[in-house]
K.L.:
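Encoded as structure tokens, here's the structure I'll be asking about.
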Amino acid sequence: MPAPLPLIVVHRPNPFGGRWVRVADVGLGVSYGVVDLLEFLRRAGLDPEEVRLNKYG
């Protein structure tokens, strides 16, 4: 059985347009676009080529 994927949370934009990103309880930083977000996911051990981004809310 594969290991469970980490919980990734991208928060609502702050007043400057950035979004705080965290994996589980670890803050990764502020993303200002998709490129930043994919880099954070890569650092969290995910392959950006296999990530599907969905927009909720």
Side-chain angles (χ1 to χ4, degrees):
M1 177 180 276
L5 295 175
L7 175 63
I8 301 164
V9 178
V10 180
H11 294 271
R12 292 182 176 167
N14 65 30
F16 306 103
R19 295 172 181 261
W20 183 250
V21 179
R22 64 183 176 88
V23 174
D25 289 333
V26 177
L28 299 179
V30 177
S31 171
Y32 289 94
V34 174
V35 173
D36 294 337
L37 178 58
L38 291 174
E39 176 60 19
F40 288 144
L41 298 179
R42 185 192 66 75
R43 291 179 191 179
L46 299 170
D47 182 354
E49 297 294 323
E50 295 183 11
V51 172
R52 184 181 71 210
L53 302 176
N54 292 315
K55 182 178 178 181
Y56 294 100

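Worth saying up front: this structure is predicted, and the values here are computed from it rather than measured. Quick note: numbers below take in every heavy atom, side chains included, and nothing from hydrogens, waters or symmetry partners.
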K.L.:
On a heavy-atom basis, which atom in F40 and which in L28 lie closest, and how many Å separate them?
P.N.:
CE2-O, 3.3 Å
K.L.:
For side-chain contact (heavy atoms from CB on, under 4.5 Å), just list the numbers for L41 and I8, CA-CA rounded to whole Å, side-chain angles, deciding distance to a tenth of an Å, and then say yes or no.
P.N.:
CA-CA 8 Å; L41 298 179; I8 301 164; 3.5 Å; yes
K.L.:
Search all heavy atoms of W20 against all heavy atoms of V30 and return the closest pair with its distance.
P.N.:
CE3-CG2, 3.5 Å
K.L.:
Would a hydrophobic clustering, with Ile, Leu, Val, Met, Phe, Trp and Tyr connected at side-chain separations under 4.5 Å, put V10 with F16?
P.N.:
no
K.L.:
Would you confirm whether R22, through its side chain, and A24, through its main-chain N or O, come within 3.5 Å as a donor-acceptor pair?
P.N.:
yes
K.L.:
Working to the nearest 0.5 angstrom, can you tell me the gap between R42 CZ and L37 CG?
P.N.:
13.0 Å
K.L.:
Not counting sequence neighbours, list each pair that qualifies as a side-chain hydrogen bond (donor to acceptor under 3.5 Å, both in side chains) and has a residue in residues 23-37.
P.N.:
none
K.L.:
I'd like to check the side-chain contact (heavy atoms from CB on, under 4.5 Å) partners of V35; sequence neighbours left out, ordered by chain and number.
P.N.:
none
